[in-house]
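Sequential numbering from 1 along the given sequence is applied to the chain's residues. Note that these values count all heavy atoms, side chains included, but never hydrogens, waters or copies made by symmetry.
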Amino acid sequence: MSRYFDIDDIIMEDELSSVVFKVGANGVGLLDPSAETNRVEQGSKVELPFWLANELYLRQAVSVIVPQCFNQKTRREIQADAAYVDLRSRCPYFYELGCKVAPLIGDRTIGSFLLYAFMNRFKDVLSKAHSAAFAVAPRFLPLLTKEEMHLYEAARSSMTAFKKWRVGGSRFEKASILGKKKRSGE
């Protein structure tokens, strides 16, 4: 884990990932619900939490399959209209999981796909956070991933602070040193 005490990172690494065992393994039959014995055979496809899939991948025991949230159907939907794709239902930690799973699956296009999705959705997140349209928020917020929700809340609070500052009293304060006069005759 990169951020050991971060609850979001812990929850993200608990996302299920499909793996195929490269080798047979004894004593791990519980991982494969279809296994009748306590052994997982070579070539078995199993759903594992990402943290375990990552550790097994590093030990060259499994190969990681591209998660469903990064499949071609999702890519086409995001290319068509990124702002209205429900990424939260597919993976609440879409961007973070994508960054961590890309080196494991060897797909070099995931990085550019994540950048494209983020850039297109980021504009919409900021414009909705800075607009006064509160009626749009209930329909828009359930589509956002956890990362996008953090951005939305930060933009919303900065806009609130800006409006409070703009409406508030004087904008400039006289420095205390300017009020002092020099002694004449020195």
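Put simply, CG on L97 and CG on D14 are 11.5 Å apart, with the number rounded to the nearest 0.5 Å. Rounded to the nearest 0.5 Å, atoms OG (S18) and CD1 (I105) are 11.5 Å apart. For the atom pair OG of S63 and NZ of K45, the computed distance is 10.5 Å after rounding to the nearest 0.5 Å. With values rounded to the nearest 0.5 angstrom, E153 atom CD is found 9.5 Å from L151 atom CG. The structure places OH of Y152 at 5.0 Å from CG of L141, a figure rounded to the nearest 0.5 Å.
Side-chain atoms of R90 do not come within 3.5 Å of backbone N or O of V85 as any donor-acceptor pair. In terms of modelled atom types and a separation under 3.5 Å, the side chain of E147 and the main chain of E96 share a donor-acceptor contact. E148 places a side-chain N or O within 3.5 Å of a backbone atom of T145 that can act as its donor or acceptor partner. N54 places no side-chain N or O within donor-acceptor distance of the main-chain N or O of F50, the cut-off being under 3.5 Å. A donor-acceptor pair under 3.5 Å links the side-chain atoms of N71 to the main chain of Q68, judged by distance alone. Checking side-chain atoms of R88 against main-chain N and O of L143 turns up no donor-acceptor pair under 3.5 Å. A donor-acceptor pair under 3.5 Å is formed between the side chain of Q42 and the backbone N or O of K22.
Both W51 and V101 sit in one connected hydrophobic cluster of ILVMFWY residues. Membership requires side-chain heavy atoms under 4.5 Å apart, directly or through other members. Residues I11 and L52 share a single hydrophobic cluster, defined by chaining ILVMFWY side chains whose heavy atoms lie under 4.5 Å apart. Each of I65 and F113 belongs to its own hydrophobic cluster when Ile, Leu, Val, Met, Phe, Trp and Tyr are linked at side-chain heavy-atom distances under 4.5 angstrom.
In this structure, the side chains of Y95 and R121 come closer than 4.5 Å at one or more pairs of heavy atoms. Between F70 and D107 the shortest side-chain heavy-atom distance does not fall below 4.5 Å. In this structure the side chain of E13 never reaches within 4.5 angstrom of the side chain of P49, judged on heavy atoms. Inter-residue side-chain proximity for L114 and C99 is flagged as met; some heavy-atom pair is nearer than 4.5 Å. Within the 4.5 Å cutoff, no side-chain heavy atoms of V19 are placed close to those of L56. No side-chain heavy atom of L87 sits less than 4.5 Å from a side-chain heavy atom of Y93. Counting heavy atoms from C-beta outward, C69 and F94 have side chains that approach closer than 4.5 Å.
In Q79, the CD atom is crowded: over 12 heavy atoms of neighbouring residues, nucleotides or ligands sit closer than 6.0 Å.
Listed here is the closest heavy atom pair of A155 and L126: CB-CD2, 3.6 Å.
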* side-chain contact (heavy atoms from CB on, under 4.5 Å) between D9 and K100, worked out -> CA-CA 11 Å; D9 198 48; K100 289 189 176 192; 3.0 Å; yes
* Would you sort out whether V20 and S44 count as a side-chain contact (heavy atoms from CB on, under 4.5 Å), showing the intermediate values? => CA-CA 5 Å; V20 175; S44 296; over 6 Å; no
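In the model, T109 has a side-chain atom that pairs as donor or acceptor with a side-chain atom of R75 under 3.5 Å.
In terms of the side chain to side chain contact (heavy atoms under 4.5 Å, CB included) criterion, residue partners of S127 (sequence neighbours excluded) are, by chain and number, D124.
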